[in-house]
Q: 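Take this structure first; my questions come after.
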Amino acid sequence: MINRRTLLKRLSALPLVGTIMGSGIPVQSVFADTPSMPKRDLIKELGLRTFINAAGTYTAMTASLMPEEVMETIEASSKQFIMLDEVQDKVGEKIAAICHAEAATVTSGCWSAMVLGLAGVLTGTDKDKIAQLPNLKGMKSEVIVQKSHNVAYVHSLTNTGVTLIPVETVEELENAINEKTAMLWFLNYQAPVGKIQHEEWVALGKKHNIPTMIDIAADVPPVENLWKFNDMGFDMVCISGGKAMKGPQSAGILMGRKEIIEAARLSAPPRGHTIGRGMKVNKEEILGMLVALELYVQKDHEKEWKSWEQKVSFIEEMVKKVDGVTTSVSVPPVANHTPFLKIAWYPNVINLNRTQMQEKLRNGNPSIEVVGSGDHEVSCTVFMLRPNEEKIVTKRIQEELIAGRV
Ligand SMILES: *Cc1c(COP(=O)(O)O)cnc(C)c1O
């Protein structure tokens, strides 16, 4: 039997698209009372595992779920052509105003915000230099970082061809500065273990006339972080869009000084011959990013925090009733700043290690992801749970703890 999609396809291949063979009858009316085709379910069709995310905003777990309003924006804008630069101009202005920045642009994640921001610093608006990256001939070539910050994601910086110069103290930093120094990079989540703090970093940049950049990828909440570092005077602030902000996973924001953002955009699509040509963001995600940011800023953060605490204590109260189980709640000071519940057990009472527990939860129905570090404990967060999932998580963890009793 010919289905509706095939028929439509065949009809549209005919001349006089839109009417049945020139009869004047619109195609739609022919199908007016045919029942609509069931929607395709790709997740089922491909046999993909879905799960309850009690772990957190992990890139490998696809990070976060976009709110309805973001999806509606993506859907609606997918039906029109818009010039890519125009959508970036308008969205950039809105984002900059929300975040107290001079300018902003949507990037394909925090990582590409760092590549493009640094590219902008290195090349300015010089077309030849832009085309030449990552060959730094005639450009500055060093970025100073604190040793303790030289951990994750610095590949985004070295991607432009620069060399990282690790330092520990202010004295070392000032000695490291020379005519090749392009930028001072700060990793916010490592601030608590660094010797040089934010304000001093910014002041050193200003003193030596070297731009500063901060990576705050996973560092909302608190919401104030969206503007705090712009207010403080960092020349560039880079953040992920798809973590706690729940924008598209492949979006992020570069914001900061106008002339740097303008220069950075010269390395970004639609322009080719650039280091950033592969870092494209489509119009749907650019607009979706703006809507996600607006929703995030407008939400009642206190209320949300309370609901996280309630869910965490619900799970905690229930699982600690199981013999041999201890629990504790902690909140990381920076990055993924949300309550984490650690559930630990005595192996002589419950014969199960962490990996076994994770596999049992993963292979159960519904599948659940949790994280963990020690041998006999798992950790969960509740900020990525959908309504009522905390009950399922509690029940499943309880079941496995009880089943493991010796
Ligand atoms: C997640 C993360 C990144 C990368 O961000 P994307 O948005 O995935 O590109 C960079 N830095 C830190 C500290 C991160 O946590």
Side-chain angles (χ1 to χ4, degrees), residues 53 55-66 70 91 95 99 104-120 143 145-160 162 164 166 183-194 198 201 212-222 225-226 228-229 234 236-256 264 267-269 275-282 284-286 288-290 292-293 296 331-338 340 371 379 381 383-384:
N53 181 358
T57 57
Y58 289 88
T59 299
M61 298 184 196
T62 58
S64 60
L65 301 179
M66 290 180 275
V70 174
V91 167
I95 293 178
C99 299
T105 190
V106 179
T107 59
S108 52
C110 180
W111 200 92
S112 91
M114 296 196 278
V115 179
L116 295 173
L118 178 53
V143 171
V145 302
Q146 294 185 70
K147 267 188 191 143
S148 54
H149 293 209
N150 191 7
V151 283
Y153 304 106
V154 289
H155 206 295
S156 59
L157 306 174
T158 54
N159 214 36
T160 64
V162 301
L164 297 179
M183 191 177 83
L184 310 181
W185 185 73
F186 197 96
L187 177 57
N188 189 47
Y189 87 76
Q190 285 293 85
V193 295
H198 305 83
W201 197 257
T212 48
M213 174 189 277
I214 186 166
D215 171 353
I216 59 164
D219 306 349
V220 291
N225 277 358
L226 283 168
K228 179 177 173 183
F229 304 103
F234 274 94
M236 284 157 282
V237 177
C238 307
I239 187 165
S240 296
K243 293 177 180 169
M245 266 200 284
K246 298 186 179 178
Q249 188 189 9
S250 38
I253 298 169
L254 168 68
M255 48 192 168
S267 275
I275 198 172
R277 182 58 181 83
M279 302 173 190
K280 183 165 55 191
V281 195
N282 59 36
E284 293 83 357
E285 291 194 328
I286 295 170
M289 181 69 253
L290 172 61
L293 173 71
Y296 184 70
V331 179
V334 199
N336 301 301
H337 180 70
T338 185
F340 277 68
V371 285
S379 279
T381 63
F383 72 142
M384 289 298 123

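Atoms within a ligand are numbered from 1 in the order they appear, just like the ligands themselves. Atom set for the values below is all heavy atoms of this structure, side chains included, hydrogens, waters and symmetry mates excluded.
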Q: Tell me whether the count of non-hydrogen atoms from other residues, nucleotides or ligands lying under 6.0 Å of NZ in Lys280 goes above 12.
A: no
Q: For Asp215, counting its heavy atoms only, list the atoms of ligand 1 lying under 4.0 Å from any of them.
A: 10 (C), 11 (N), 12 (C), 13 (C)
Q: What part of Tyr153, side chain, backbone, both or neither, has a heavy atom within less than 4.0 angstrom of ligand 1?
A: side chain
Q: Please indicate whether any nitrogen or oxygen in Ala251 is less than 3.5 Å from any nitrogen or oxygen in ligand 1.
A: no
Q: Using a strict cut-off of 4.0 Å, indicate which atoms of ligand 1 neighbour a heavy atom of Tyr189.
A: 13 (C)
Q: With distance as the sole test, does Ser250 use its side chain to make a donor-acceptor pair with the main-chain N or O of Ser108 at under 3.5 Å?
A: no
Q: For ligand 1, which atoms, with element, lie under 4.0 Å from some heavy atom of Ala217?
A: 2 (C), 3 (C), 10 (C), 11 (N), 12 (C), 13 (C), 14 (C), 15 (O)
Q: Any N or O of Ser240 that comes nearer than 3.5 Å to an N or O of ligand 1?
A: yes
Q: Tell me the closest heavy-atom pair linking Trp111 and His155, and the distance in Å.
A: CZ2-C, 3.7 Å
Q: Identify the heavy atoms of His149 and Leu187 that sit nearest to each other, and give their distance.
A: ND1-N, 2.9 Å
Q: Give the residue and atom name of whichever protein heavy atom lies nearest to atom 9 (O) of ligand 1, and the separation in Å to one decimal.
A: Trp111 N, 2.9 Å
Q: List ligand 1 atoms under 4.0 Å from Lys243, heavy atoms only on the residue side.
A: 1 (C), 2 (C), 3 (C), 5 (O), 14 (C), 15 (O)
Q: Donor-acceptor check, side chain of Glu285 to backbone of Ala251, threshold 3.5 angstrom: yes or no?
A: no
Q: Can you tell me if Asp219 and Asn225 form a side-chain donor-acceptor pair at under 3.5 Å?
A: no
